[in-house]
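Structure first, then comments.
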Amino acid sequence: MRVLIVTHYFPPETGAPQARLSGLAATWAADGDDVTVLTGMPNHPTGVVPPSYRRAVLRREFADGYRVIRTWLYATPKEGIARAALGHLSFTASSVLLGGRASGPADVVVVSTPTFSSILSGWLLARRKRARLVVEIRDLRPAILVEPGARFSRRVIGMLERLALAAYAVADQVVVVSEGLRADLVRRGLPPERVHAIGNGVDVGRFAPEACSAQERDRLRARLGAGPADCLVLYAGTHGTRQALPTIANAAALLDSSGKAGTAGVGLTAGRTATAASRQAIPGGAIRFAFVGDGPDKRHLERRVAELGLRNVVLLPGVPHAKMPALLAAADICLVPRRKSPPLAALIPAKMSEYLAAGKAVVGSVAGEAAQILAEAGGVVVPPEDSGSLAAAIAALAADPPLRAALGRTGRAFAQRCHDRAAVAREYRKILDLDVPRSSDG
């Protein structure tokens, strides 16, 4: 089958959609499909295009058995709705005008949201190529805009909701990343036979406890601010508002064994309890935190770390996805944070699968379906944006290396059983063959 994947985000950028879509493309190509990816010039999340791509209008590449067609776009960080919208709309135009011919014929077009403009690109390209259209939905984007801090009236949100449903209705099939998303779309009127939940997969061969040598592990731990006797707590991923990363900084303040970090705004009772526990947790060592990544909320995190005077925290830029397995192998505990938000409770953080496959003890500040999955996988679940509970869970794991190892083994077995990338991609591939007749009103 000739498959065209249309996406605003793709490697060498790092992030959930980039990892998911590149994994799908590689597996489908290895299984014999003719796969082409149509995307923009890499720039996420910093908004900076690498020198080798600057001034390029159209670029053709080949990776892992499939073609990549890149078209020009207006590159901008996710700062300001107008600029972000202009960036997405620029790719919508260039993907159709420049990428339509360059991408060649297709039997099916798979377009990945979260932007409505990407669906427009996919629809126009599918019509032009007389191909079926599969729309992949990664979040409840209009609902998320209702959350605190979003500058949208309910009338605008209602209009966006209707626009979203109309956009989804043009698809032959709709794929979502969680059962919660599927239930929401069916409740809002999409035919259940056309909506499919396909979770995130992970390359369990690459993401493994032995992903780096002992020497490389020591080197990475030193770069991340941890010594051999320390317990290294890692967050690696996008630094956005939905991750609520200042909550982790607050937890780090509670666990700062130097006793010099401030706990203003953190909670004095939780602070005394967690700090006392951390001082007893690791004889000869300390609990160290490392944040690795970039994103629109990184400056907020930097300010919070400075306000608290944290000496047990290191902030580093993002790394290519190819280096992520070794990075995770160097950690002792991995964190999956989420903001407290009903719409976000329907989503499954993609990094959770990678953490589990890496054989790490995982603490998730999550709710809803993500919390259910993580608990089943042997992870530790605490309420979102609860720095005291997060600090207590980290302190307990830091004091018990055998428990961390046991949880890591359970999590890796779960990832191998339920989140193997090739198996997930092949389950997804079955949907591309479906031709479900539309109802008379659809």
Side-chain angles (χ1 to χ4, degrees), residues 14-16 18-20 22-24 26-27 177-178 198-218 220-221 224 226 230-237 287 290 292-293 319-338 347-366 369-382 390 393-394 396-428:
T14 59
Q18 293 89 332
R20 177 180 173 91
S22 60
L24 292 173
T27 300
V177 296
S178 71
I198 301 292
N200 292 306
V202 58
D203 187 337
V204 294
R206 289 181 57 241
F207 284 85
E210 62 278 5
C212 65
S213 65
Q215 183 178 9
E216 184 182 7
R217 184 175 187 272
D218 290 342
L220 284 170
R221 286 176 64 86
L224 296 168
D230 294 332
C231 178
L232 176 58
V233 182
L234 174 68
Y235 171 77
I287 300 175
V292 179
V319 300
H321 193 256
K323 295 185 178 181
M324 193 63 70
L327 190 73
L328 299 187
D332 297 301
I333 300 171
C334 291
L335 302 181
V336 183
R338 267 290 192 258
L347 308 183
I348 313 298
K351 64 179 64 65
M352 197 162 73
S353 299
E354 295 179 350
Y355 291 171
L356 292 170
K360 297 299 160 182
V362 180
V363 181
S365 302
V366 292
E369 192 172 342
Q372 297 171 11
I373 292 174
L374 184 56
E376 184 182 350
V380 177
V381 178
V382 300
L390 179 60
I394 292 170
L397 288 173
D400 196 340
L403 176 59
R404 295 202 306 266
L407 295 181
R409 289 191 296 270
T410 300
R412 177 160 174 78
F414 181 87
Q416 289 173 316
R417 186 172 67 252
C418 301
H419 293 288
D420 178 71
R421 186 182 78 175
V424 169
R426 288 173 184 132
E427 191 66 23
Y428 195 139

### Message
Could you check whether any side-chain N or O of Arg221 sits under 3.5 Å from a backbone N or O of Ala226, counting only pairs where one atom can act as donor and the other as acceptor?
### Response
no
### Task
Give every residue pair that meets the side chain to side chain donor-acceptor pair (under 3.5 Å) criterion with at least one member in residues 353-365, sequence neighbours excluded.
His321-Glu354
### Task
Output yes when a side-chain donor or acceptor of His419 lies under 3.5 Å from a complementary backbone atom of Phe414, and no otherwise.
no
### Message
Can you give me the closest heavy-atom contact between Ala377 and Leu356, atom names plus distance?
### Response
CB-CD1, 3.7 Å
## Note on the structure
Rounding to 0.5 Å, atoms CD1 (Ile394) and CG (Asp332) come to a distance of 11.5 Å
### Task
For residues Met324 and Val319, determine if any side-chain heavy atom of one lies less than 4.5 Å from a side-chain heavy atom of the other.
yes
### Task
Show the numbers, then the answer: is there a side-chain contact (heavy atoms from CB on, under 4.5 Å) between Val204 and Arg412?
CA-CA 8 Å; Val204 294; Arg412 177 160 174 78; 4.3 Å; yes
### Task
Report yes if the side chains of Leu397 and Leu407 come closer than 4.5 Å at any heavy-atom pair, otherwise no.
yes
### Query
Nearest heavy-atom pair of Gly378 and Thr410: which atoms, and what distance?
CA-CG2, 4.1 Å
### Task
Kindly compute the distance separating NZ (Lys323) from SG (Cys212), expressed to the nearest 0.5 Å.
13.0 Å
### Query
Which is it for Leu390 and Leu335 under the side-chain contact (heavy atoms from CB on, under 4.5 Å) test, yes or no, and what are the steps along the way?
CA-CA 9 Å; Leu390 179 60; Leu335 302 181; 4.2 Å; yes
### Those residues that, when tested against Arg417, pass salt bridge (Lys or Arg N to Asp or Glu O under 4.0 Å) (two or more places apart)
none
### Query
So, for Pro209 and Ala329, which heavy atoms are closest and what is the spacing to 0.1 Å?
O-CB, 3.8 Å
### Query
Looking only at heavy atoms, what is the nearest atom pair of Val381 and Ala371, with distance?
CG2-O, 3.7 Å
#### Entry: Least distance between heavy atoms, Pro325 atom then Ala211 atom
O-CB, 3.5 Å
### Derivation and outcome, side-chain contact (heavy atoms from CB on, under 4.5 Å), residues Ile373 and Val366
CA-CA 10 Å; Ile373 292 174; Val366 292; over 6 Å; no
### Task
Without swapping roles, check the side chain of Arg404 against the backbone of Ala398 for a donor-acceptor pair under 3.5 Å.
yes
### Query
With no hydrogens and no angle check, is any side-chain donor or acceptor of Thr27 less than 3.5 Å from a backbone partner on Leu24?
no
### Query
Gln18 side chain to Thr14 main-chain N or O, any donor-acceptor pair under 3.5 Å?
yes
### Query
Can you tell if the side chain of Val424 reaches within under 4.5 Å of the side chain of Asn200, non-hydrogen atoms only?
no
### Query
Would you call Arg426-Asp420 a salt bridge at under 4.0 Å N-O?
no
### Task
Verify, without hydrogens or angle tests, whether Asp230 (side chain) and Leu232 (backbone) share a donor-acceptor contact under 3.5 angstrom.
no
### Query
Are the side chain of Arg217 and the backbone N or O of Glu210 linked by a donor-acceptor pair below 3.5 Å?
no
### Task
Might you point out which heavy atoms bring Cys334 and Leu328 nearest each other, and give the distance in Å?
SG-CD2, 4.3 Å
### Query
Between Glu369 and Ile348, does a side-chain contact (heavy atoms from CB on, under 4.5 Å) hold up when you go through it step by step?
CA-CA 7 Å; Glu369 192 172 342; Ile348 313 298; 3.7 Å; yes
